[in-house]
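Worksheet for the structure shown next.
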Number of protein chains: 2
Amino acid sequence: MSLPHAILTALLEKPSSGLELTRRFDLSIGYFWSATHQQIYRELGKLERAGLIRALPSEQTTRGQKKRYEVLPGGRAELSRWTAEGQDPKPMRDALLLRLRAAAVVGTDGIGADLRRHLELHRDRLAEYEEIERRDFPPGLDAVEDRLRHAVLRAGIDLETFWTRWLARTLEDLSGDLAEDTADLAEGRAES
Amino acid sequence: MSLPHAILTALLEKPSSGLELTRRFDLSIGYFWSATHQQIYRELGKLERAGLIRALPSEQTTRGQKKRYEVLPGGRAELSRWTAEGQDPKPMRDALLLRLRAAAVVGTDGIGADLRRHLELHRDRLAEYEEIERRDFPPGLDAVEDRLRHAVLRAGIDLETFWTRWLARTLEDLSGDLAEDTADLAEGRAES
DNA sequence: CTGGACATGTAAACGGTTACATGATTAT
DNA sequence: ATAATCATGTAACCGTTTACATGTCCAG
């Protein structure tokens, strides 16, 4: 159960409305904890009922109108509690690895194209992270908070680096076995 | 929707009962797609009703008795279809990174201990994978299926390598800021 | 005053998790 | 006989996903 704590963190960084939170999740927090707007609205409701956050007094309450939330002392305490408490890492789930394993049984059709697609996506994501690092983390930033945020970003960078390297190597490794690709190409040419 | 395909792959590798599948998920497939026995029984029921697998004719049907399944042609076709079709990678979800980000707002209490715990777990997992590589992938294995399975294992090894390195570096990086650890130690000594 | 973007919300379906129930098999 | 273990299954709950509904605000 981490979504409420992701929201509390985001709200402590800056009081926001539901949609604003959704956008911020798409940009930064969502890089390692994604959420849709429905999840966020539902959770905001729960957090408010639990007395951990409240709508800023000035905001209206009717549907369709902006409602900005801020964290109450109880919410900060709950986030502290959760942050300090250890949690076991959840087992990973990666459909691409599963597909590779299935391909060992039913054949590699389509695998090459998908590996290349993933490689591109991870390269783009990596470039994006490196840009953020250049922009937001100039050398000489020493505060603990900066070091923590930088460590998180570095995890993203290292992870994407791992994926791009592994995908490139795997493509090379299987290059001889993925004959379907040139076949696709020839077919595409013939049809166009 | 990958669980049914994980099960089809496992059953093609070897016809099995529900519990046997559960154990095999704990050992190998579960390294990148975990599942509990309840998920597996429910999914076996669905797959059987859909005509993609069937219980081996010899097996009994009463409760509490072993029931071994095999994949039918339709099941193999469905797995082929799913394997060939591309899928977007799901956004990652990592609670540890979320906690680090929360720690930047509410303080680093407890973070050091948890980082060390994760480091140990990932080191163990890495050693386990390297042992499997030594045992199951001697040099000179050339069949496509071996190369595919080896690529999957290598992804696991590289991922755990990434985590151990990142955790070690992050601990070093924050060593000055995680004063709570020595405090914990002193407290522990005083109380014992 | 209308259409489009913004903003919040409801509902249903699905998958994963946890707790528990029940039957069969085996060793003592 | 009985307890432990193996094996299958039911049920309730929770979080996530998807589709849709509704209201507000602003530009043309």
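Every chain is numbered from 1 and lettered A, B, ... according to where its sequence line falls, protein lines coming before strand lines.
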Practice task
Report the nucleotide, chosen from D:dA7, D:dT16, C:dA7, that has the shortest atom-to-atom distance to any side-chain atom of B:K66.
Solution key: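 Within the option list, the nearest is D:dA7.
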
Problem - Proximal nucleotide (of D:dG9, C:dT18, C:dT10) relative to the B:T36 side chain - result: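 In terms of side-chain proximity for B:T36, the closest of D:dG9, C:dT18, C:dT10 is C:dT18.
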
Can any side-chain N or O of [X] pair as donor or acceptor with the backbone N or O of [Y] at less than 3.5 Å?
| X | Y | answer |
| --- | --- | --- |
| A:W166 | B:G156 | no |
| B:T170 | B:L167 | no |
| B:R24 | B:A10 | yes |
| B:R149 | A:R101 | no |

Please state whether the phosphate of [N], meaning OP1 or OP2, lies under 4.0 angstrom from any side-chain nitrogen or oxygen of [X].
| X | N | value |
| --- | --- | --- |
| B:K67 | D:dG9 | yes |
| A:Y41 | C:dT8 | yes |
| B:R23 | D:dA7 | yes |

Atom pairs under 3.5 Å, N or O on each side, protein against nucleotides 12-15 of chain D: can you list them with distances?
{"unit_1": "D:dG15", "atom_1": "OP2", "unit_2": "A:K46", "atom_2": "NZ", "d": "3.3"}

Practice task
Take atom CZ of A:R165 as the centre, draw a 6.0 Å sphere, and report whether it contains more than 12 heavy atoms from other residues, nucleotides or ligands.
Solution key: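 Not buried by this count: 12 neighbours or fewer within 6.0 Å.
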
Practice task
Heavy atoms only: give me the nearest A:D177-A:D173 pair and the separation to one decimal.
Solution key: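 Nearest pair, atom of A:D177 first, then A:D173: OD2-O, 4.2 Å.
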
Problem - Shortest non-hydrogen separation from B:G51 to B:L72 and the atoms involved - result: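 Minimum heavy-atom contact is O-CD1, 3.5 Å.
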
Exercise for the section: Using heavy atoms to find the nearest nucleotide of DNA chain D for B:H37 and A:E43 separately, return the residue whose nucleotide is more 5′. Expected result: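 So the residue in question is B:H37.
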
Could you give the [atom1]-to-[atom2] distance, from [X] to [N], as a whole number of Å?
| X | N | atom1 | atom2 | value |
| --- | --- | --- | --- | --- |
| A:Q87 | C:dT17 | CD | P | 14 Å |
| B:R49 | D:dG9 | CZ | P | 10 Å |
| B:I40 | C:dG15 | CD1 | P | 15 Å |
| B:L21 | D:dG9 | CG | P | 12 Å |
| B:L44 | D:dA7 | CG | P | 14 Å |

Problem - Sequence neighbours excluded - side-chain hydrogen bond (donor to acceptor under 3.5 Å, both in side chains) pairs with any residue from residues 44-56 of chain B - result: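 Sorted result for residues 44-56 of chain B: B:R54-B:E70.
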
Exercise for the section: Please name the residue in the list A:L153, A:I132, A:L159 that meets the side-chain contact (heavy atoms from CB on, under 4.5 Å) test with A:Y31. Expected result: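 Among the candidates, only A:I132 passes.
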
Problem - Contact list for DNA chain C against residues 6-20 of chain A - heavy-atom distance below 4.0 Å - result: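 Only A:S17, A:G18, A:L19 qualify.
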
